[in-house]
Q: 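Below: one structure in structure tokens.
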Amino acid sequence: VAPLVVPGNALVTIVDQPELSSEQLAEQCKAGCRDSFASLVERYEKRIFHFIHQFARNPHDAEDLTQETFLKVYKGIHRYEPGYAFTTWLFTIAKRVAISHFRSSKSFEELPEDAETDLEDPAAVLEKKDEQVSLWQLARNLKPNQYEALWLRYGEGFSIAEVARIMSTNQIHVKVLLHRARGQLAKSLRRLKKTI
Amino acid sequence: LNQRGSNAEANNQNKSMAFCWYYKKLIARCLDADEAPSEALQNHMRACPDCQAFYESEKHLTESLVAGADLERRTPSPFLQARIIAALTKRDDVPEPRVFRFNWVAAAFVGLLVVGGILVTRHLPIPGTPSTLVDNTTGNAAFFSTAGIPSGQKLLEWSQALDQPLETELNSVVNDAKSAIRLLADNFLPEKHLAVSLPER
């Protein structure tokens, strides 16, 4: 039991109930249980923050958008259908919040499908991180939608169908994105090995 | 015989290699679905070092991505959770604009108008209706006089005065038709047919 003191003298007790699935917590939240929502926030706050951070590249914006996402979730919890995974629904909302924010502020531009990104020289990445280069750091040089698909599939463990739902696209497109991303990563790794 | 046998084997291998693009697609599909490679795929990989290497490399890549994800994950400020809950509490404190309720009030008002309209029109006389209905309106005479609406009896009289008998209507239509035909005949028919075709005036 972790009592959480929030401004305005409001005290919300966050009791993480590991025995309850997220879907069950969402159902309880639908019935008006504020503590269940707090548990959901605790469970997913970091994941949503990281997911949004990919679009934001700025921790302050990412935090604001994470907050907005959860407020939207709370407001629209009656629209959640228990037949679907709660996480998929949550990530879909997070994606929409991030995109609408960055489209309105015109600081987010999706690259066209065939556009090639300028891959950072792997050697430079190596120097930057004192030989602690991870594959994900190389992946950051991929196109945003390739990185997003890669992260949702391997970072968050969503299935292809779930990734497609979150990205508002079809499964074939997700498979193509993953295939291209893996190919691009393999190429970068080969270049890196040669440099070493 | 040995050479022929080795040639056949090489041919088979070449055929197998020609389908490598297909097997690579199968490999990617297996990895995407987290499934083990099928029997046919395993057989091909045993014969094709290129596909085997591709499979190993893709598998290693996906495993590394899964394993490295936790290191990559960024952590938000420790106060973010409290911020979200506080925002929620604040949002609850501020009442939202009552647009939804206003819609209900408007709908109720329109409903009342419709019901009122139906009630009023039910008591209005219909022209040609029996006098019993008209008599019913006498009870509302005060209402009609204050609203400036003519009484039922008056409306009935007006409608009877305006309504001509059907026979008169029909006669006037027939007469109009006859005069039109005569006009056409006078202007367009030859004289030899005119005497036969013209109806009596």
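Numbered from 1 within each chain, the chains take letters A, B, ... in sequence-line order.
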Q: Report which part of A/Tyr154 has an atom under 4.5 Å of a heavy atom belonging to chain B: side chain, backbone, both, or neither.
A: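 Both parts, heavy atoms under 4.5 Å.
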Q: Would you say CD1 of A/Ile172 has more than 12 non-hydrogen atoms from neighbouring residues, nucleotides or ligands within 6.0 angstrom?
A: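 Open.
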Q: Considering non-hydrogen atoms only, spot the tightest contact between B/Ser64 and A/Leu135 and give its length.
A: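 Scanning both residues, the minimum pair turns out to be CB-CD2, 3.6 Å.
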Q: Could you state the interatomic distance from CH2 (A/Trp136) to CG (B/Leu65), rounded to the nearest 0.5 Å?
A: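 With rounding to 0.5 Å, CH2 (A/Trp136) is 5.0 Å from CG (B/Leu65).
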Q: I'd like to know whether A/Val41 forms a side-chain contact (heavy atoms from CB on, under 4.5 Å) with B/Leu88, so could you lay out the CA-CA distance, the side-chain angles of the two residues, the decisive distance to 0.1 Å, and finally the verdict.
A: CA-CA 11 Å; A/Val41 172; B/Leu88 202 68; over 6 Å; no
Q: Can you tell me if B/Lys24 has over 12 outside heavy atoms packed within less than 6.0 Å of its NZ?
A: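 Correct, the count exceeds 12.
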Q: Relative to chain A, which segment of B/Asp34 carries a heavy atom at a distance below 4.5 Å: side chain, backbone, both, or neither?
A: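 Answer is both: backbone and side chain atoms of B/Asp34 are under 4.5 Å from chain A.
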Q: Heavy-atom pairs under 4.5 Å with chain A: which of B/Val66, B/Leu31, B/Asp70, B/Asp32 has the most?
A: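 With the most close heavy-atom pairs to chain A, the winner is B/Asp32.
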Q: Look at A/Lys46, A/Arg182, A/Glu68 and state which one has the largest set of heavy-atom pairs under 4.5 Å with chain B.
A: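 Most pairs with chain B among the choices: A/Arg182.
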Q: Got a second to check how far B/Ile84's CD1 is from A/Gln67's CD, nearest 0.5 Å?
A: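 Rounded to the nearest 0.5 Å, the CD1-CD separation comes out at 6.5 Å.
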Q: Take atom NE2 in A/His179; do more than 12 heavy atoms of anything else shown fall under 6.0 Å from it?
A: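 No, the 6.0 Å shell around NE2 holds no more than 12 heavy atoms from other groups.
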Q: Just by modelled atom types, is the B/Ser77 backbone N or O under 3.5 Å from a matching donor or acceptor in the A/Glu63 side chain?
A: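 Yes; judged by distance alone, with no hydrogens or angles, the pair exists.
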Q: Any chance you could measure B/Lys25, atom NZ, to A/Lys175, atom NZ, to the nearest 0.5 Å?
A: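 It comes to 11.0 Å.
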Q: Within a radius of less than 6.0 Å around CZ of A/Arg47, do more than 12 heavy atoms belonging to other residues, nucleotides or ligands occur?
A: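 Above 12, so yes.
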Q: At what distance, to the nearest 0.5 angstrom, does CZ of B/Arg83 lie from OG1 of A/Thr66?
A: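 Taking CZ in B/Arg83 and OG1 in A/Thr66, the distance rounds to 8.5 Å.
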Q: So for A/Phe51, is it side chain, backbone, both, or neither that comes closer than 4.5 Å to the heavy atoms of chain B?
A: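 Neither part; nothing is under 4.5 Å.
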Q: Can you give me the closest heavy-atom contact between B/Ala69 and A/Gly155, atom names plus distance?
A: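 Smallest heavy-atom distance, with atoms named: CB-CA, 3.7 Å.
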Q: With heavy-atom distances below 4.5 Å as the criterion, would you say the side chains of A/His53 and B/Thr75 are in contact?
A: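 The answer is no, as the side chains (C-beta and beyond) never meet within the 4.5 Å cut-off.
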Q: At under 4.5 Å between heavy atoms, what parts of residues 35-42 of chain B are in contact with chain A? List them by residue number.
A: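 Counting heavy atoms that sit under 4.5 Å from chain A, no residue of residues 35-42 of chain B is involved.
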Q: Taking B/Arg73 first and then A/Glu156, would you say they form a salt bridge - that is, a charged N and a carboxylate O separated by under 4.0 Å?
A: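 Counted as a salt bridge, because a side-chain N and a carboxylate O are separated by less than 4.0 Å.
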Q: Decide if atom NE2 of A/His78 counts as having more than 12 heavy atoms of other residues, nucleotides or ligands within a radius under 6.0 Å.
A: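 Atom NE2 in A/His78 is crowded, with more than 12 foreign heavy atoms closer than 6.0 Å.
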Q: Measuring from B/Ile85:CD1 to A/Phe70:CZ, what's the distance to the nearest 0.5 Å?
A: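 Reported to 0.5 Å precision, the distance equals 9.0 Å.
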